[in-house]
2 protein chains.
Amino acid sequence: MSVNNYIPKVPACIDCNIEKTLNVIGGKWAFLVLRELFGGKKRFGELQRLISAVSPRALTSTLRHLEEQGVLERHVFPTVPVTVEYSLTPKGVDLHQILKEMKLWAAKWT
Amino acid sequence: MSVNNYIPKVPACIDCNIEKTLNVIGGKWAFLVLRELFGGKKRFGELQRLISAVSPRALTSTLRHLEEQGVLERHVFPTVPVTVEYSLTPKGVDLHQILKEMKLWAAKWT
DNA sequence: CAGAATCCAAATCGATACTG
DNA sequence: CAGTATCGATTTGGATTCTG
């Protein structure tokens with residue numbers, strides 16, 4: 001059982017709840033995974049290739065965390081060898097707007 | 001010299017730059033500080049009281065980091081004892097939209 | 001008041017090797 | 001293919017104490 005999920009634990013903010021969003025997208029790898037999945041479902045190996053510096057351990061942990069948060073789904077196909085696909089849920093798709101805003105801000109203020 | 005800045009170092013994303021925004025708001029305390037400053041300038045001690053669980057060390061580190069990123073300004077008044085005020089720059093004010101979206105997402109999907 | 005310095009426990013991370 | 005296990009190195013972070 002992994003203890004490390006590569007996700008920051010930010011303090012709770014009683015009347016704003018921003019920490020909940022941050023705990024989903026604020027991790028080291030989460031936004032890179034989400035970004036790939038906005039383009040459609042991907043397999044574990046694909047994600048590993050697309051996100052060049054990620055170790056299998058970090059990727060697994062990130063995917064599990066995002067799954068627990070309900071922003072992506074994991075589908076296992078009983079082929080040999082096994083095939084696993086990850087895709088966004090509506091909750092995950094809904095993060096696209098935020099990520100786009102973050103991209104715009106970065107572009108504007110570089 | 002502090003080595004620890006309470007800010008995550010996320011991997012670079014060649015064609016999206018989202019990591020630049022995340023390195024500003026993605027830290028453990030940054031969003032809480034920004035949130036207070038959207039309401040106007042604040043002194044060190046005020047921030048410390050408003051953000052209940054923050055230690056002086058963490059607050060200092062966060063403020064310095066945000067200052068380096070150009071999202072807030074530090075003004076020192078040579079009173080006795082010294083008075084220090086922090087306020088957002090236009091670059092910092094421009095983060096408000098993103099934080100609001102994050103709050104909305106959290107509210108929508110709880 | 002606004003922080004800087006120090007100490008040290010705990011969490012985290014990456015690399016590597018291994019498996020159903 | 002899609003992970004899991006293990007390990008050591010590094011980072012982190014909170015508490016505490018001190019100062020111009």
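All of these numbers come straight from a predicted model, not from anything done at the bench. These numbers come from the heavy atoms of this one structure, side chains and all, not from hydrogens, waters or symmetry mates. Every chain is numbered from 1, with letters handed out A, B, ... down the list of sequences.
We find that CD1 of B/I51 is positioned 14 Å from P of C/dA2, with the value rounded to whole Å. Rounded to whole Å, the distance from CZ on B/R49 to C1' on C/dA2 is 12 Å. Atom C1' of nucleotide D/dA2 and atom CD of A/E85 are separated by 13 Å, given to the nearest angstrom. Distance, B/F44 CZ to D/dT19 C1': 14 Å, rounded to whole Å. Rounding to whole angstrom units, CG of residue B/L63 and P of C/dC1 are separated by 16 Å. Atoms NE2 (B/H65) and P (D/dT12) sit 12 Å apart, rounded to a whole Å. Distance CD (B/E46) to C1' (C/dA2): 13 Å, rounded to an integer number of Å. Here C/dA11 presents its P atom at 18 Å from NZ of A/K28, a figure rounded to the nearest Å.
Between A/R43 and A/E46, the shortest heavy-atom contact is N-OE1, 2.8 Å. A/C13 and A/E19 make their closest contact through N-OE1, 3.2 Å (heavy atoms, listed as atom of the first residue, atom of the second, distance).
When side chains are defined from C-beta on, B/S87 does not count as touching B/L72, because their heavy atoms never get closer than 4.5 Å.
The phosphate of C/dA4 (OP1 or OP2) has a side-chain N or O of B/R64 nearer than 4.0 angstrom. Here B/Y86 does not reach the OP1 or OP2 of C/dC1: none of its side-chain N or O atoms lies under 4.0 Å away. In this structure, A/R57 does not reach the D/dA2 phosphate: none of its side-chain N or O atoms is under 4.0 Å from OP1 or OP2.
Comparing B/P56 and A/P81 along DNA chain C, the residue whose closest nucleotide (by nearest heavy atom) sits nearer the 5' end is B/P56.
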Show the atom names and distances, to 0.1 Å, of all donor-acceptor pairs under 3.5 Å that link a side chain in residues 102-110 of chain B to residues at least two apart or in another chain.
{"unit_1": "B/W105", "atom_1": "NE1", "unit_2": "A/K91", "atom_2": "O", "d": "3.2"}
{"unit_1": "B/K108", "atom_1": "NZ", "unit_2": "A/D94", "atom_2": "OD2", "d": "3.1"}
{"unit_1": "B/W109", "atom_1": "NE1", "unit_2": "A/D94", "atom_2": "OD2", "d": "2.9"}
{"unit_1": "B/T110", "atom_1": "OG1", "unit_2": "B/A106", "atom_2": "O", "d": "2.5"}

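Of all nucleotides listed (C/dA4, C/dG14, D/dC1), D/dC1 comes nearest to the side chain of A/R43. Nearest nucleotide to the B/V82 side chain, out of D/dG13, C/dA2, D/dG3: C/dA2.
Residues A/E36 and A/K42 are not paired through a salt bridge, judged by the lack of any N-O separation under 4.0 Å between the basic side chain and the carboxylate.
For the side chain to side chain contact (heavy atoms under 4.5 Å, CB included) criterion with B/L95, the lone passing option out of B/L66, B/V71, B/L37 is B/V71.
Between the side chain of B/T83 and the main chain of B/T79, no donor-acceptor pair closer than 3.5 Å is present.
End-to-end axis angle for the helix from C/dC1-D/dG20 to C/dG20-D/dC1, using five pairs per end and rounding to 10°, comes out at 60°.
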